[in-house]
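In this chain, numbering begins with 1 at the start of the sequence shown. For clarity, every value in this text was computed on a predicted model and none was experimentally measured.
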Amino acid sequence: MTDVAYDNKGQLEQIQSGLLDGEQIIAVYDAIGAGTGFIGLTNRRIIVQDKSFVGKRFAITSIPYSKVSSVSVISNKSWAGQFFSSGTIGITVGTHVYEIEFRGSDKAHHVHNLILSHTS
């Protein structure tokens, strides 16, 4: 496994422990804000840790790229000519939107483009 982008070794190891045969990790990024703990991208799926459950429970959700209907850049300010003025993306799967906020727009841009490349 070469050239895997990641923020936290523990999160990377958690994703590694649940890989399917032939599956390869592309990136694992820490998320900030309420709800999401991290996002992992493999050559087969998106993996989101959701910490929004009551108590200390959380879910690891696997999303096949084929189920993603859109990926959005979320911003609360004018873009002023910059597509990635925000470090937040939204991933729409059915009627649910997974909102993921990153430390910096570069990671949001990377995740956005990786998802688009696998869904197009």
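Here Tyr98 pairs with His96 under the ring-ring contact (aromatic ring centres under 6.0 Å, His included) rule; sequence neighbours left out. Taking Glu13 as the reference, nothing meets the salt bridge (charged side-chain N to carboxylate O under 4.0 Å, His left out) condition, with sequence neighbours excluded.
If you run side-chain contact (heavy atoms from CB on, under 4.5 Å) between Ser69 and each of Val93, Thr92, Thr95, only Thr92 comes through.
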Derivation of the side chain to side chain contact (heavy atoms under 4.5 Å, CB included) call for Val68 and Ile46: CA-CA 9 Å; Val68 175; Ile46 302 163; 3.7 Å; yes
Residues Val111, Phe102; criterion side chain to side chain contact (heavy atoms under 4.5 Å, CB included); working and verdict: CA-CA 10 Å; Val111 169; Phe102 302 94; 3.8 Å; yes
From CA spacing to verdict: side chain to side chain contact (heavy atoms under 4.5 Å, CB included), Val97, Ile91: CA-CA 5 Å; Val97 177; Ile91 303 166; over 6 Å; no
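When the side chains of ILVMFWY residues are joined at heavy-atom separations under 4.5 Å, either directly or via intervening members, Ile60 and Leu19 end up in a single hydrophobic cluster. In the hydrophobic clustering of this structure, Leu116 groups with Ile89; members are Ile, Leu, Val, Met, Phe, Trp, Tyr whose side-chain heavy atoms approach within less than 4.5 Å, directly or through other members.
Thr61 has its side chain within reach of Ile63: a pair of non-hydrogen atoms, C-beta onward, lies under 4.5 Å apart. Counting heavy atoms from C-beta on, the side chains of Ile26 and Asp3 never come closer than 4.5 Å. The closest side-chain heavy-atom distance from Tyr29 to Arg103 is not below 4.5 Å. Using a 4.5 Å heavy-atom cutoff, the side chains of Leu12 and Phe38 are not in contact.
Looking only at distances, a side-chain donor or acceptor of Glu23 sits under 3.5 Å from a matching main-chain atom of Leu20. Without hydrogens or angle criteria, Ser72 side chain to Ile74 main chain gives no donor-acceptor distance under 3.5 Å. Using a distance-only test at 3.5 Å, with no hydrogens or angles considered, no donor-acceptor pair links the side chain of Ser62 to the main chain of Ile47.
Contact record, Thr42 with His118: O-NE2, 4.3 Å, taken as the closest heavy-atom pair. For the residue pair Gly37 and Asp30, the shortest heavy atom distance occurs at O-OD1, 3.0 Å. Listed here is the closest heavy atom pair of Thr88 and Glu101: OG1-CG, 3.4 Å.
Donor-acceptor pairing under 3.5 Å is lacking for the side chains of His110 and Asp106.
Looking at Lys107 and Asp7, a side-chain N of the basic residue comes within less than 4.0 Å of a carboxylate O on the acidic one, giving a salt bridge.
When the shell of 6.0 Å around OH of Tyr65 is examined, it contains more than 12 heavy atoms from other residues, nucleotides or ligands.
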